[in-house]
Number of protein chains: 2
Amino acid sequence: MVTIKDIAEMAGVSRTTVSRVLNNSGYVSEDARKRVEKVIEETSYAPSEHAKSLRTKKTKVIGVILPTIQTETPSRIVTGLGKELSENGYQILLANTNLDKAKELEYLELLRLRQVDGIVLIATNTESELLDKIKTLNIPVVIVGQEVEEDIMYVTYDDYHAARDLTSLLIQRGHSKIAFIGVDEADRSVGYLRKKGFLDEMKASGLTVEPEWVQKAIFNINSGHHAMENILSKAVDTPTATIAVTDRLAIGAMSYLRENGIGIPDQMAIAGFGASEMSQYLIPSLTTIDYQNEMAGEEAAKQLLAKLHSKKYQEQIILSYRLLVRDSV
Amino acid sequence: MVTIKDIAEMAGVSRTTVSRVLNNSGYVSEDARKRVEKVIEETSYAPSEHAKSLRTKKTKVIGVILPTIQTETPSRIVTGLGKELSENGYQILLANTNLDKAKELEYLELLRLRQVDGIVLIATNTESELLDKIKTLNIPVVIVGQEVEEDIMYVTYDDYHAARDLTSLLIQRGHSKIAFIGVDEADRSVGYLRKKGFLDEMKASGLTVEPEWVQKAIFNINSGHHAMENILSKAVDTPTATIAVTDRLAIGAMSYLRENGIGIPDQMAIAGFGASEMSQYLIPSLTTIDYQNEMAGEEAAKQLLAKLHSKKYQEQIILSYRLLVRDSV
DNA sequence: CCAAAATGTGAAATCGATTCCATAAAAACG
DNA sequence: CGTTTTTATGGAATCGATTTCACATTTTGG
């Protein structure tokens with residue numbers, strides 16, 4: 001391997017001068033600079049990142065912790081992150097928890113050891129153990145997808161109002177009996193806020209929600225299927241519309257309806273969240289909320305980069321959303 | 001930051017001895033070991049990866065280059081990779097080309113500079129420029145999804161026979177006029193081999209294929225939609241079945257059929273490749289090929305790890321597949 | 001009991017960069 | 001012209017680990 005020492009010798013200067021050329025710092029004569037640059041060019045030399053990191057304590061690596069890479073939301077966020085980061089010479093060290101909550105903590109520690117310059121956490125919970133750990137890290141962290149207390153950076157979505165809007169749409173379309181397929185409320189954004197938006201909007205419109213209409217599912221298609229089955233078998237008063245907190249849950253619900261010959265949207269309207277790619281190709285196409293996840297990734301990257309370069313940038317970002325009204329309602 | 005020097009001082013030994021404890025190497029007395037371990041425990045010290053890498057030339061990082069993170073195949077591969085690698089203490093440095101072929105070369109170089117221990121390339125082409133670059137790297141590289149010349153490691157799928165089997169299934173079901181939605185043949189696995197399997201099986205069964213039945217698409221749902229439109233509008237003799245080289249293309253084709261009131265599978269049978277999660281929830285459920293991408297990722301990781309530890313492991317792997325026969329044929 | 005082998009330890013070199021500091025030559029200034 | 005200031009350069013320390021080597025002590029074996 002060719003090192004800075006070799007370059008220095010070949011160009012007839014000291015390592016210091018080579019370093020100056022490399023980093024564009026300090027004084028260096030036009031003559032010396034040219035000789036060094038020529039040698040660098042000829043040898044296709046590139047400085048060792050490790051030696052650099054050891055000395056400067058900067059790695060140009062951002063750690064990304066995500067629950068799974070196999071659903072669209074995190075994938076889109078990572079795409080957005082990747083774009084913004086790579087433009088600025090940063091790379092992504094990936095840590096996939098496979099939905100194992102304990103691993104979030106573990107990976108935070110691992111990334112600290114790797115001395116990443118910053119961390120993006122695509123979070124599924126906001127437990128205090130996690131937040132405490134983040135604060136002790138001494139590394140800039142951005143949380144994506146959850147709103148947290150003031151002194152941690154985050155970028156999230158306006159889940160509450162999205163849910164209210166979606167509910168409001170269904171009410172406008174004449175529905176008064178609306179079911180809800182949610183997830184565990186430990187996931188504040190998806191579990192708690194979307195449910196709260198739904199309930200508040202129902203209440204605001206003077207509508208009641210039967211307990212059997214509200215189902216708790218987990219994040220997969222089958223769970224949506226099962227939830228819809230529960231709704232229809234347990235409810236005394238059958239609802240005419242259902243909101244599912246993710247498109248995948250909505251898809252599961254739709255498959256149950258289809259299997260049982262229940263017409264969508266005539267006998268049961270349905271709506272989801274997330275604007276999955278498939279949602280527009282379903283029959284009928286699915287009404288859903290588009291959260292612009294890629295932009296969330298880009299914003300998170302910008303927050304982190306600003307922090308790393310001691311520049312100002314909004315540290316708490318709540319992104320807006322678009323309501324995609326389609327044939328399922 | 002607490003360093004090895006601090007630990008040495010606190011435990012009353014030299015840095016050398018601490019290093020010995022850390023790496024379980026050389027002679028170290030029970031007494032000294034205990035003291036060092038105690039101090040390490042108390043300080044929650046962890047050695048700097050950069051200092052280590054600088055000295056040992058090992059980073060415990062594997063670079064992964066992929067065309068996109070937003071489709072299921074690469075996501076599953078990365079999941080498989082991640083599992084196997086993290087179990088062995090390796091981490092993933094992600095490089096997303098966003099389907100920009102030039103970036104594959106660029107990232108190979110970047111990962112070399114980062115001194116990753118190995119590289120996994122989820123490839124969409126096998127051009128000689130790429131292969132040449134790989135050979136000059138002096139880093140173990142595994143290519144996933146493409147078969148390449150002998151002296152490069154790869155793990156891929158038996159695309160050719162999968163395509164023949166799928167074609168054979170349609171022929172058995174009584175179809176003799178079968179259309180094909182493919183992609184550019186520069187992608188040898190998806191573009192060339194799947195097409196060749198289809199054509200060979202047709203020929204072997206004495207069936208002819210009209211030129212209009214064979215469409216070339218790109219990797220997105222709309223392109224499948226458009227290809228099906230082409231097939232039906234241009235063909236003089238209308239086919240009764242269509243094979244699409246990805247599930248997404250099949251989904252696009254199905255949406256066109258649906259829009260035009262063409263029954264599936266009665267008027268047009270359809271089949272895809274890849275066993276996307278959605279494929280089983282489509283109406284009708286889609287017949288497809290399951291490639292077990294996660295396992296491919298795991299195998300690639302095993303190949304790489306074996307190479308890194310100078311152990312023997314099969315360097316060219318062609319994984320089998322399962323034919324999922326469902327309602328769309 | 002003495003030589004050889006095994007065990008235990010630390011000083012110092014090393015990896016490949018950056019950066020502090022000293023020094024010298026050239027340019028600017030009064 | 002003598003004194004600052006600016007420009008240019010390199011020596012050496014440093015970052016935090018591993019590893020080579022030398023040396024001392026203990027154990028083993030004939």
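Chain A is the first sequence line, chain B the second, and so forth, proteins listed ahead of strands; every chain is numbered from 1. Basis for what follows: all heavy atoms, side chains included, without hydrogens, waters or symmetry-related copies.
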Report all interatomic pairs (protein N or O, nucleotide N or O of nucleotides 12-16 of chain D) with separations under 3.5 Å.
residue	atom	partner	partner atom	Å
D:dT14	O2	A:R55	NH1	2.7
D:dC15	O3'	A:K57	NZ	3.0
D:dG16	OP1	A:K57	NZ	3.4
D:dG16	N2	B:A51	O	3.4

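Side-chain contact, A:D187 with A:Q146: a donor N or O sits under 3.5 Å from an acceptor N or O. Between B:T59 and B:E49, the side chains place no donor N or O within less than 3.5 Å of an acceptor N or O (distance only, hydrogens not considered). A:Y192 and A:D159 are not linked by any side-chain donor-acceptor pair at a separation below 3.5 angstrom, with hydrogens and angles left out of the test. Under 3.5 Å, the side chains of A:T79 and B:Q70 contain a donor-acceptor pair of N or O atoms. Side-chain atoms of B:E298 and B:Q292 form no donor-acceptor pair, as typed in the model, at a separation below 3.5 Å.
Distance A:E49 CD to C:dA17 P: 10 Å, rounded to the nearest Å. Distance CG (B:N23) to P (D:dT20): 12 Å, rounded to an integer number of Å. If you take CG of B:L22 and P of D:dA17, they are 8 Å apart, rounded to a whole angstrom. Between the CD atom of A:E9 and the P atom of D:dT9 there is a distance of 18 Å, given to the nearest Å. Taking atom CD1 of residue B:I7 and atom P of nucleotide C:dG10, one finds them 15 Å apart after rounding to whole Å.
Within the 4.0 angstrom heavy-atom criterion, base atoms lie near A:S19. Residue contacts shown for A:V18 are absent, as no nucleic acid heavy atom lies under 4.0 Å away.
Between B:R112 and B:E109 there is a salt bridge, since at least one side-chain N of the basic residue sits less than 4.0 Å from a carboxylate O of the acidic one. At a threshold of 4.0 Å, the pair B:E87-B:K83 does not count as salt-bridged, since none of the basic side-chain nitrogens sits closer than that to a carboxylate oxygen. No salt bridge links B:E104 with B:K133; every basic N to acidic carboxylate O contact stays at or beyond 4.0 Å.
When all heavy atoms are compared, the tightest approach of B:S19 to B:I4 is N-CD1, 3.9 Å.
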Exercise. Check the pair A:I152, A:K135 against side-chain contact (heavy atoms from CB on, under 4.5 Å), reporting the backbone distance first and the verdict last.
Key: CA-CA 8 Å; A:I152 296 181; A:K135 285 187 213 154; 4.2 Å; yes
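Two end axes, each from the C1' atoms of five base pairs, can be drawn for the helix from C:dC1-D:dG30 to C:dG30-D:dC1; they diverge by 30°, to 10 degrees.
Contacts between residues 26-36 of chain A and DNA chain D, counted as heavy-atom distances below 4.0 Å, involve A:Y27, A:V28, A:S29, A:A32.
Between A:H309 and A:Y90, the two ring planes are perpendicular [angle over 60°; tilted spans 30° to 60°].
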